[in-house]
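Here the structure is a predicted model, which is why all the values come from computation and not from measurement. The figures here come from the full heavy-atom set of this structure, side chains too, leaving out hydrogens, waters and symmetry mates.
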Amino acid sequence: QLQLVESGGGLVQPGGSLRLSCVASGDKLDYYGIGWFRQGPGEEREVVSFAGPGGQINYADSVKGRFTISRDNAKNSVYLQIDNLKPEDTAVYYCAARGVQAVYVPWRRRESFDSWGQGTQVTVSS
């Protein structure tokens, strides 16, 4: 069974950068779609980026130009580079995976992801 572990969160000043990592075990990530989600205090969990197994890359409008998703299948890992951090980026960030059976499901569909990490906290504050 696929297991995901996030890391790389922390306390950062506005304008700073972070690189979040999501490392998988139990299976190879090659054929999985990987999404990065975030959940701020009192908010719904929202998807911010997605990397499909075939090279598809998607971003939520709110993070375009500041977030960059990448995957390294050799390291069984997916990364989220976050630049020009803003206070509204404060949230717990989760990575999640979905298998090939969801390849035609819209990438924003949270319910299509069936493996989740425990999350990593990102706090943006001066």
Side-chain angles (χ1 to χ4, degrees):
Q1 184 173 351
L2 188 69
Q3 295 181 325
L4 305 172
V5 178
E6 304 95 333
S7 62
L11 173 62
V12 185
Q13 291 187 344
S17 297
L18 280 175
R19 187 189 192 216
L20 307 184
S21 298
C22 172
V23 180
S25 61
D27 201 355
K28 293 289 291 180
L29 278 185
D30 301 48
Y31 301 108
Y32 287 87
I34 304 297
W36 278 99
F37 294 74
R38 68 183 180 186
Q39 188 167 16
E43 297 180 357
E44 294 285 324
R45 191 171 300 188
E46 63 171 352
V47 63
V48 296
S49 188
F50 174 78
Q56 173 189 359
I57 298 289
N58 299 94
Y59 297 100
D61 289 343
S62 59
V63 306
K64 280 181 181 176
R66 297 191 300 118
F67 286 30
T68 305
I69 192 170
S70 61
R71 58 191 300 162
D72 185 340
N73 288 340
K75 294 183 178 180
N76 228 28
S77 299
V78 179
Y79 307 98
L80 186 69
Q81 176 70 36
I82 309 175
D83 297 316
N84 190 20
L85 276 155
K86 303 177 180 181
E88 52 264 42
D89 294 322
T90 295
V92 178
Y93 283 72
Y94 302 88
C95 65
R98 66 183 203 179
V100 293
Q101 73 280 357
V103 66
Y104 296 114
V105 177
W107 65 278
R108 299 175 186 271
R109 190 76 58 83
R110 187 176 65 187
E111 295 76 16
S112 67
F113 293 84
D114 47 25
S115 296
W116 292 82
Q118 82 291 346
T120 185
Q121 175 72 47
V122 172
T123 303
V124 185
S125 175
S126 55

Using a 4.5 Å cut-off on heavy atoms from C-beta on, say whether the side chain of Ile69 contacts that of Val78.
yes
Check the surroundings of atom NZ in Lys28: do more than 12 heavy atoms from other residues, nucleotides or ligands lie under 6.0 Å from it?
yes
Answer yes or no: is there a donor N or O on one side and an acceptor on the other, between the side chain of Asn76 and the main chain of Asp27, under 3.5 Å?
yes
Any idea which heavy atoms bring Pro41 and Thr90 closest together, and the distance?
CD-O, 4.1 Å
Closest non-hydrogen atoms of Pro106 and Ser112, given as atom of the first, atom of the second and distance, are O-OG, 4.4 Å
N/O donor-acceptor pair under 3.5 Å between Ser49 side chain and Asn58 backbone:
yes
Give the cluster check for Val48 versus Leu85: same hydrophobic cluster or not, with ILVMFWY residues linked at side-chain heavy-atom distances below 4.5 Å.
yes
If two hydrophobic side chains count as joined below 4.5 Å and joins carry through other members, does Leu4 share a cluster with Val47?
no
CG of Leu80 to OG1 of Thr120, rounded to nearest 0.5 Å, is 11.0 Å
Could you tell me whether a side-chain N or O of Arg66 sits under 3.5 Å from a main-chain N or O of Asn84, the two making a donor and an acceptor?
yes
What is the minimum heavy-atom distance between Ser77 and Leu29, and which atoms define it?
N-CD1, 3.9 Å
With hydrophobic residues grouped by side-chain heavy-atom distances under 4.5 Å, do Val23 and Val92 end up in a single group?
no
Show the nearest heavy-atom pair for residues Ser126 and Pro14, with the distance to one decimal.
N-CD, 3.7 Å
Arg71 side chain to Gly52 backbone, donor-acceptor under 3.5 Å
yes
Any non-hydrogen side-chain atom of Phe113 less than 4.5 Å from a side-chain atom of Ile34?
no
I'd like to know if the side chain of Arg45 reaches the main chain of Arg110, judged simply by a donor and an acceptor atom lying under 3.5 Å from each other, with no hydrogens or angles considered.
no
Tyr93 six-ring centre to Arg38 NZ/CZ under 6.0 Å and within 45° of normal:
no
Quick one: sort the Phe37 and Trp116 rings into parallel, tilted or perpendicular, breaks at 30° and 60°.
tilted
Side chain Gln81, main chain Arg19, donor-acceptor under 3.5 Å
no
Heavy-atom count around Glu44 CD within 6.0 Å, excluding the residue itself: above 12?
no
With a 6.0 Å cut-off on ring centres, are Phe67 and Trp36 close enough?
no
Look at the side chain of Ser115 and the backbone N and O of Gln3, then say whether any donor-acceptor pair between them is shorter than 3.5 Å.
no
Indicate the atoms forming the closest heavy-atom contact of Ser17 with Asp83, along with that distance.
OG-OD1, 2.9 Å
Is there a donor-acceptor pair under 3.5 Å between the side chain of Tyr94 and the backbone N or O of Glu6?
no
Phe50, Tyr32: one ILVMFWY side-chain cluster at the under-4.5 Å cut-off?
no
Give a yes or no on whether a salt bridge exists between Lys64 and Asp61, defined as a side-chain N under 4.0 angstrom from a carboxylate O.
yes
When hydrophobic residues are tied together by side-chain contacts of less than 4.5 Å, even through go-betweens, does Val63 share a cluster with Val124?
yes
